[in-house]
Every structure is written in C-alpha cells, then in structure tokens.
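Just so you know, residue 1 is the first one in the sequence shown, and it goes up from there.
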Amino acid sequence: GNIIHVMSVPGIKCSLVAVYFILLFNIIIQNVLAQYEPPTPTVEPLYPKGLRMSIPDENGISLVAYHVKFNEDFYGLEAGTIARDIIKRKNGRWMYEDRTTRLKRGDKLYYWIHVVYDGLGYNLVDQQYVVNEFYNYDGTTMNGGNIPCATPAQTQIFKTTSKEQTLCPGQMIFEETFEFLDTNRWTVQQRFPSAPDYEFAMYMNNNDNVEVKDGSLHIRPTFTNDKYGDDYIKNGNLTLERCTGVAGTLDCTRQGGGWNILPPIISGRLNTKSSFTFQYGHIQIRAKFPRGDWLYPLITLESTTEYTESSVIYFDIIVAQSNGNPFLKLQDGRDMSGHILLGGAHATKVQFPVDDNRLNLPKKTATDLWSDNYHVYDLKWKKGKITLMVDEKQYGEQTVPTLHDTPVYINIGLVVGGITTFADNSVSDKYSKPWGNVEAKACYHFYLAANSWQPTWTNSDTGLHIDYIKVWAV
C-alpha cells in the first residue's frame, strides 16, 4: 500500500531494501518502548522492623527509584518519606530494604516507582498496599506473633480452633465453605423445639434434613408421618437418640396424645456454640432461602447467655430473614411476605403479652422473592451499632442496646411456624394464619390446616441452601 520514494542523491546510493529495514527497525523500537510498563513491586513488611520492596530484573533496567509514604496519599510525584534510588541489582531483583521502618497491621503504604529502562524513564504511580502479614529477614512468612494493629479491633474471640493473636479490623476470623460437614466445628441439633418460639418442627441429624453436597449446606423440611407412619404424631412415643438438648426433659422425649401432637415436621439446625464464639464482627453469608408458607431461614447470632424458661427476654441478632410465604399481609395491611428482607438486633419479651421487635427491624423490599435466587447477606456489628447489607448495598442501620453486648455463636436452621415470628390474623394468599400465638393448640391447628399450606410446599424449593459463611474482625 505505502509507496516509498527514493531520491537519487549524487554520491549516495540508497537501496529501497535498506530504507525499508531502517523504517521497520524504527517501528519495532517504538513498539518496544511503548510497551514497557514497570511491574508492580513485591512488598514485604519485615519483622520485628523493616521494609523490603523489589521488582524482578529485566535486560535494559539501569535504575529503580522507590517513593513511599505511610497512611497518607501522594498528591503529586513528591519524594515521600522513603525516597531511594537503587542502581545495582541483587539476586536478580532491584531491591529496596531497610531494617528501621516500624509497621503495624492495618497500616497503608502509598507508593510510586520510577524505572530507567533503555535510557528512558517510566513511572508506575498511585499504588497502595495494606499491611496484613509480616516476613522474616530471610523472606519466610512470619507465623502468628503478637504484632500490633494500626487500630485494634473491637472484635473478641472467646472460643476458636485457630491460634490466638491480636485481632486487627478486616482480619478474617472464621471461614466455612462447606466442602464437607465439619462436626468439630458444627453441632447438628437433635432435639424437640423449645421456648421461646415453640416452632412446629423437631430437629434431626440425618441426611434427609441436613446435608453437605456440591460445596453447599442444604437444610430441608420433611414430614414426621412420612418417616414414622400415618397418625404417628397423634400417639407416637419418641425419644431422640444422641439428643443435644437436656436429657430426660421435653428436649429429648415426647409422647403424642389428643391435640398435644408431636411436631408434624422434621427439620435441621446447627451451630458453632462449642467451637467458635465471638463478640462484634462482620458476618457474610451467601444463601438461597426456602419458599413455602410458614417456613423461614434461621440465620442468627445467638447469645451464649443461656435462655431458660424463667428468662424474661429472649434476644439474638438476625443476620437475614425473609418469610417463605409468597404472599403474606399483616392485619394492618403491611407486607411481610417473601418480598421483604429484614435483619438486626432482635428481642422478644416472653411473658404474656408477648412483645417482639421483629416488625420494627430494618427491611428491604424486592420485586422478586428473596427465595428465588442466591444472595450475599452482610451484617456488621460494632458496639452500639449494626449495619445491614445485601448484595453489597446497605439497606439498614440500627442502634443496638447494651443488652446485646454479649458473646455469640453462629446459628443456622430452617424453621416452621412457631409462636413469635408470624403475627396473629396475618393472611397468606387465600387463607388466614391457622393458629393463634398464645393458644396451647397452636401446633395442632397448624397441622389441621395442611390442606392450605402443604400445596405451597409441593412444587417449591423448601430448602435453605448456604454456600459459605465468613466472619471478619471489626
């Protein structure tokens, strides 16, 4: 395409080929020069004191300059707190090192570097590094160690399987990805329901109800009569093997009789009470909620302070909850269906009349049901304050009374009915809530209304599915 005109100059004979190669060589040189970008340095905070930064050697590098500031950004190409030109490579790297810089976890390094490559200067600007781990002088990672933080975390861990250390904000203190069911970490409940909710399901440790498969935890409800035979709930005598409740009490043994039936549903519930308890933190859970009338996910931080029959108040922190009813209206017309997500510090005054703050917690309304898809639910709990997020968007803040300043454990389950969650006179699609919260026959009336609620379970995903749970210090 391009025509190159060669002029004949007396005394100089220029061939077309020579000119072609000169042009080609210039293009290659320009491309090489245009392509050079300084690599991002490796940053190694050293223990007990010091800082090492380096980039790998490349043919053509003759100088590398490091410019660093601590916990303060650059607003131009200033020298910085550290400004050092390195003119010799060492062990195949262009390295800055000192043994005097004293760093803490959580410190932020702002830096830029200048590299002379083939005689021309190139800058890599606007770089940041947050100090999290430290290295020994020989380059090996420093394990454990009581290295202080720039700002100490509020979070405290009371029971854990990991090594104790100083906690810094943003440090992960718990991670569960459910590659398998770790029974050293999770206690799967095997017990009948109890105060304050007296829900309509008993909890069993079996694969039908609690299963880890394909990297997720699945909790599903099943029917008691399907397992034990028709009418078993009306006259069966059931003692739960390996009961996790108080032996010899109604936690572990029940007899069905008349309207005082056994729970008609079997479900799953598990917690970290024996392995991991903490106070204040940021918990994140990726989960898909159950769909079906009177079902809801239990994803809470439960106080290690034992709740007993004589307790006046029951309190926990709801990480996320949305009811399984696709349609549910309160008596006053407010929506409490599966389109509503709620969370926060929750309390129930148990003595009659029962008073519960669930309806006043922060909420978010969605066009789709929350049970339609997986979502990422976050709760950040600091002293006196809770922040709630879903899919990285904040939807609520709550001031938290000192009542909640107590160690907690993670509690996961699938709940059916009960006497505190669903307000009396609620209407689910074409029928009213079939039980009253203060009546003795609540569970029996729920069971008798199976023709109304059971069809909503039939072609729905009634399970709670959890992909992962993570907790960070705050």
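- Side-chain N/O atoms of Q284 and W472 include no donor and acceptor closer than 3.5 Å.
- The distance from the CD atom of E176 to the CG atom of L217 is 8.5 Å, given to the nearest 0.5 Å.
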Does the pair L103 and L51 meet the rule for a side-chain contact (heavy atoms from CB on, under 4.5 Å), with working shown?
CA-CA 8 Å; L103 293 167; L51 174 64; 4.2 Å; yes
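- Side-chain atoms of D335 come within 3.5 Å of backbone N or O of S337 as a donor-acceptor pair.
- The 12-atom threshold is exceeded at CZ of R93, counting heavy atoms of other residues, nucleotides or ligands nearer than 6.0 Å.
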Output, in order, the C-alpha distance, side-chain angles, deciding distance and verdict of side-chain contact (heavy atoms from CB on, under 4.5 Å) for I412 and W186.
CA-CA 10 Å; I412 303 291; W186 295 99; 4.1 Å; yes
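- Side chains of D57 and W94: a donor on one and an acceptor on the other come within 3.5 Å.
- Taking CZ of F422 as the reference point, atom OH of Y296 lies at 6.5 Å (rounded to 0.5 Å).
- K288 pairs in a side-chain hydrogen bond (donor to acceptor under 3.5 Å, both in side chains) with only one of the listed residues (D372, D467, D461), which is D461.
- Each of N205, V210, N411, N271 was evaluated against Q189; a single residue qualifies, N271, per the side-chain contact (heavy atoms from CB on, under 4.5 Å) test.
- Summarising the local packing, NZ of K470 is surrounded by more than 12 heavy atoms from other residues, nucleotides or ligands at distances under 6.0 Å.
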Begin with the C-alpha distance, continue with both residues' side-chain angles, and end with the deciding distance and a verdict on side chain to side chain donor-acceptor pair (under 3.5 Å) for D214 and S216.
CA-CA 6 Å; D214 301 328; S216 289; over 6 Å; no
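- Remark: N59 CG is loosely packed, at most 12 non-hydrogen atoms of other residues, nucleotides or ligands lying under 6.0 Å away.
- Between the side chain of S267 and the backbone N or O of L414, at least one donor-acceptor pair lies under 3.5 Å.
- Atom CD of Q128 has more than 12 neighbouring heavy atoms from other residues, nucleotides or ligands inside a 6.0 Å radius.
- Residues that satisfy the side-chain contact (heavy atoms from CB on, under 4.5 Å) test with V471, not counting sequence neighbours, are I173, F174, F276, F278, I283, I410.
- The shortest distance between side-chain heavy atoms of T421 and V415 does not fall below 4.5 Å.
- For the pair S460 (side chain) and T456 (backbone), a donor-acceptor distance under 3.5 Å is present.
- For NZ of K329, the number of neighbouring non-hydrogen atoms (other residues, nucleotides, ligands) closer than 6.0 Å is greater than 12.
- Between T305 and S303, the side chains place a donor N or O and an acceptor N or O closer than 3.5 Å (distance only, hydrogens not considered).
- Remark: H375 NE2 to K364 NZ distance equals 10.0 Å, nearest 0.5 Å.
- Using a cut-off of 4.0 Å between Lys/Arg side-chain N and Asp/Glu carboxylate O, R358 and D356 are scored as salt-bridged.
- Under the 4.5 Å side-chain criterion, counting only non-hydrogen atoms from C-beta, E72 is not in contact with F70.
- Of the possible polar contacts, none joining the T300 side chain to the I318 backbone as a donor-acceptor pair under 3.5 Å is found.
- Under the 4.5 Å side-chain criterion, counting only non-hydrogen atoms from C-beta, T304 is not in contact with V408.
- In summary, K69 and E78 engage in a salt bridge, as defined by a charged side-chain N under 4.0 Å from a carboxylate O.
- In this structure, H114 has its ring center no closer than 6.0 Å to that of Y122.
- Judged by distance alone, with hydrogens and angles left aside, the side-chain atoms of T155 form a donor-acceptor pair with the main-chain N or O of V474 at under 3.5 Å.
- For Y96 and D98, the side-chain atoms include at least one donor-acceptor pair closer than 3.5 Å.
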Report the C-alpha distance between V416 and W457 in whole Å, list the side-chain angles of each, state the deciding distance to 0.1 Å, and finish with yes or no for side-chain contact (heavy atoms from CB on, under 4.5 Å).
CA-CA 12 Å; V416 186; W457 294 22; 4.2 Å; yes
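- Residues forming a ring pair (Phe, Tyr, Trp, His ring centres under 6.0 Å) with Y409 (at least two apart in sequence, or on another chain): none.
- For the pairing with S54, the side-chain contact (heavy atoms from CB on, under 4.5 Å) check across R89, M95, K90 returns one residue only, M95.
- Each salt bridge (charged side-chain N to carboxylate O under 4.0 Å, His left out) pair with one or both residues in residues 39-56, not counting sequence neighbours, appears once here: E44-R52, R52-E97.
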Checking I55 against I61 for the side-chain contact (heavy atoms from CB on, under 4.5 Å) test, could you report, in this order, the C-alpha distance in whole Å, the side-chain angles of both residues, the deciding distance, and whether it holds?
CA-CA 11 Å; I55 63 169; I61 297 180; 4.3 Å; yes
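- The pair K273-E302 fails the salt-bridge criterion, with no side-chain N (NZ, NE, NH1 or NH2) lying under 4.0 Å from an Asp/Glu carboxylate O.
- Between F223 and W453, the two ring planes are parallel [angle under 30°; tilted spans 30° to 60°].
- Using a 4.5 Å heavy-atom threshold, the side chains of K213 and F178 count as separate.
- If you take CG on D182 and OG on S275, they are separated by 7.5 Å, rounding to the nearest 0.5 Å.
- Of the possible polar contacts, one joining the Q154 side chain to the K383 backbone as a donor-acceptor pair under 3.5 Å is found.
- With sequence neighbours left out, the ring pair (Phe, Tyr, Trp, His ring centres under 6.0 Å) criterion links Y66 to no other residue.
- With hydrogens and angles disregarded, a donor-acceptor distance shorter than 3.5 Å links the side chain of T244 to the backbone of Q190.
- In this view, T40 and Y111, L124, Q127 satisfy the side-chain contact (heavy atoms from CB on, under 4.5 Å) rule, not counting sequence neighbours.
- Taking the ring axis of Y374 as reference, the NZ or CZ atom of R286 stays within 45° of it and closer than 6.0 Å to the ring centre.
- More than 12 heavy atoms of other residues, nucleotides or ligands sit less than 6.0 Å from atom CZ of R99.
- For Y135, there are no ring pair (Phe, Tyr, Trp, His ring centres under 6.0 Å) partners at least two apart in sequence or on another chain.
- In terms of modelled atom types and a separation under 3.5 Å, the side chain of N323 and the main chain of G338 share no donor-acceptor contact.
- The aromatic ring centroids of W370 and F289 lie 6.0 Å or more from each other.
- Aromatic ring pairs are classed by plane angle as parallel below 30°, tilted from 30° to 60° and perpendicular above 60°; the pair Y117 and Y36 is parallel.
- Inspection of the D208 and T222 side chains reveals no N or O donor paired with an N or O acceptor under 3.5 Å.
- Residues D405 and T402 bring no donor and acceptor atom of their side chains to less than 3.5 Å of each other.
- Proximity of a side-chain donor or acceptor of T272 to a complementary backbone N or O of R185 within less than 3.5 Å is not detected.
- Without hydrogens or angle criteria, H346 side chain to D316 main chain gives no donor-acceptor distance under 3.5 Å.
- Within a 6.0 Å sphere centred on CG of D73, heavy atoms belonging to other residues, nucleotides or ligands number more than 12.
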